[in-house]
Amino acid sequence: MPELPEVETVVRSLVPHLPGRKILSAEFGSKHVTPGNRGALAGKLAGRTIRAVTRRGKHIVIGLDEGTLVVHLGMTGQLLLDATPKNHAYGIFHLDTGMLVYRDPRQFGSIAWHADLAKLFAKLGPEPLSVTVEEFAARLKKHKMRIKALLLNQSFVAGVGNIYADEILYAAKVHPLAMASKLSKPRVALIHQAMREILTMAIEHGGSSISDYVDAAGERGWFQILHNAYGREGEPCLRCGGAIKKILVAQRGTHFCPGCQKR
DNA sequence: CAGATCACCTGCTTGC
DNA sequence: TGCAAGCAGGTGATCT
């Protein structure tokens, strides 16, 4: 589910509600989502006051009066405010008023407490909505990788996932298998601009709900209706009318238009 | 370093 | 209808 626009939407839906609230207690029920000593984690959180909720890449960063709670939604994670815990609720935070529930059927997400955020984020690339075109171009030059694989690499830019990588390359008319370091300056600028526009528009639409993504209030996003490439295999390209093709790049399903996207 | 392969886990869709 | 295979928004380990 969750790439930068979805995580940003979840964060924005939490910001009006969480800061100032106190975590009275917490319970965790998955050794995958919360590896290690789950009782110790609950102990770390009990009594803490939430100061702020922000985002870094695909991570939800919940600043506490002592340390930081970092939540990653993996593929199917949901952070729900004042929801009744249903199946797959592997994290429950009892607040002074209401509760916060973490659901994650596939358990690929993670919940952890960190004293040192700098260490956790040391290998993360820049934010795609903040990185300048100059820095973006300079970083591209350093990698002999396929552009699609590079966009997915969180140490290159933090937050782009499989849906938005496809949409960005479609908008920029760049073939997903193009070699990153060999892209011309104008094409790099097109990718950079497309990245900004697509992610910004997706945030404005509350992200993309393909199957189970919802924000903290349980609201679905609407950007999926504006997808031009992702999930449109065999359907006509909205620019040239040719069929959208699906191939495998970096082991991920990759949708593009062979007619408009050149290497 | 690039990148392929596999693994983690559940649930939904597809094909026989 | 039933069942097995395939696939899914992510990431990290391991091997070539």
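Reminder, nothing fancy here: chain letters follow the sequence lines and each chain counts from 1.
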*Asks:* Which whole number of Å gives the distance between the P atom of C:dC3 and that of B:dC9?
*Replies:*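 Going atom to atom, P in each nucleotide, I get 24 Å.
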*Asks:* Are any side-chain N or O atoms of A:Arg196 and backbone N or O atoms of A:Leu129, one a donor and one an acceptor, separated by less than 3.5 Å?
*Replies:*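 Flag set: sc A:Arg196 to bb A:Leu129 pair under 3.5 Å.
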*Asks:* Looking at A:Glu127 and A:Arg56, is any side-chain nitrogen of the basic one under 4.0 Å from a carboxylate oxygen of the acidic one?
*Replies:*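 Yes, this pair counts.
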*Asks:* Residues in ring-ring contact (aromatic ring centres under 6.0 Å, His included) with A:Tyr170, at least two apart?
*Replies:*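 Checked A:Tyr170 against ring-ring contact (aromatic ring centres under 6.0 Å, His included); zero matches.
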*Asks:* How are the rings of A:Phe136 and A:His192 set to each other: parallel, tilted or perpendicular (split at 30° and 60°)?
*Replies:*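 A:Phe136 and A:His192: tilted rings.
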*Asks:* Rounded to the nearest Å, what distance is computed from the NE2 atom of residue A:His59 to the P atom of nucleotide C:dG10?
*Replies:*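 Checked: the NE2 to P distance equals 12 Å.
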*Asks:* Identify whether any heavy atom of A:Ser30 sits under 4.0 Å from a base atom; if not, whether one sits that close to sugar-phosphate; answer base, sugar-phosphate or nothing.
*Replies:*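 Nothing, no nucleic acid heavy atom in range.
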*Asks:* In terms of side-chain geometry, is the basic nitrogen of A:Arg21 or A:Asp96 positioned less than 4.0 Å from the acidic oxygen of its partner?
*Replies:*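 Not counted as a salt bridge, because no side-chain N and carboxylate O are separated by less than 4.0 Å.
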*Asks:* For C:dG10, take OP1 and OP2 only and decide whether either is under 4.0 Å from a side-chain N or O of A:Gln154.
*Replies:*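 Checking C:dG10 against A:Gln154, no side-chain N or O comes under 4.0 Å of OP1 or OP2.
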*Asks:* Distance check, rounded to the nearest 0.5 Å: A:Asp166 atom CG versus A:Asn162 atom CG?
*Replies:*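 Separation between the atoms: 5.5 Å.
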*Asks:* Starting from P on C:dT11, measure out to CG on A:Leu4 and report it in whole angstrom.
*Replies:*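 Value for this atom pair: 11 Å.
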*Asks:* I need the CD-C1' distance between A:Glu6 and C:dA8, as an integer number of Å.
*Replies:*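 So the CD-C1' distance, A:Glu6 to C:dA8, works out to 14 Å.
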*Asks:* So what does A:Tyr230 touch, heavy atoms closer than 4.0 Å: a base, only the sugar-phosphate, or nothing?
*Replies:*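 Sugar-phosphate, backbone atoms only, no base.
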*Asks:* Take the protein atom CG of A:Asp104 and the nucleotide atom P of C:dG10, then report the distance between them rounded to whole Å.
*Replies:*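 My rounded result for the distance is 13 Å.
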*Asks:* Do the side chain of A:Thr76 and the main chain of A:Arg106 share a donor and acceptor less than 3.5 angstrom apart?
*Replies:*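 Looks like yes, one N/O pair under 3.5 Å.
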*Asks:* Rounded to the nearest Å, what distance is computed from the CG atom of residue A:Asn153 to the P atom of nucleotide C:dA13?
*Replies:*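 Result: 14 Å.
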*Asks:* Rounded to whole angstrom units, what separation is found between the CZ atom of A:Phe156 and the P atom of B:dC1?
*Replies:*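 Atom-to-atom, A:Phe156 to B:dC1, this comes out as 16 Å.
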*Asks:* Could you give the distance from OH (A:Tyr164) to CZ (A:Phe223), rounded to the nearest 0.5 Å?
*Replies:*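 Interatomic distance, A:Tyr164 OH to A:Phe223 CZ, rounded to 0.5 Å: 6.0 Å.
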*Asks:* Considering only atom P, compute the distance from B:dT10 to C:dT1 and round it to an integer number of Å.
*Replies:*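 The answer is 26 Å between these two P atoms.
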*Asks:* At under 4.0 Å between heavy atoms, how does the protein contact nucleotides 3-16 of chain B? Give one character per nucleotide, 5' to 3', with B, S or -.
*Replies:* SSB--BBBS-----
*Asks:* Please state how far atom CG in A:Asp166 lies from atom P in C:dG10, giving the value in whole angstrom units.
*Replies:*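 Answer to the nearest Å: 10 Å.
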*Asks:* Which dot-bracket string describes DNA chain B (Watson-Crick N1-N3 plus N6-O4 or O6-N4, or G-U N1-O2 and O6-N3, all under 3.5 Å; [ ] crossing; | other strand)?
*Replies:* .|||||||.|||||||
*Asks:* Using whole Å, report how far CD1 of A:Ile147 lies from C1' of B:dA2.
*Replies:*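 Roughly 15 Å, once rounded to whole Å.
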*Asks:* Can you establish whether the number of heavy atoms outside A:Lys141 located under 6.0 Å from its atom NZ is more than 12?
*Replies:*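 Yes, the 6.0 Å shell around NZ holds more than 12 heavy atoms from other groups.
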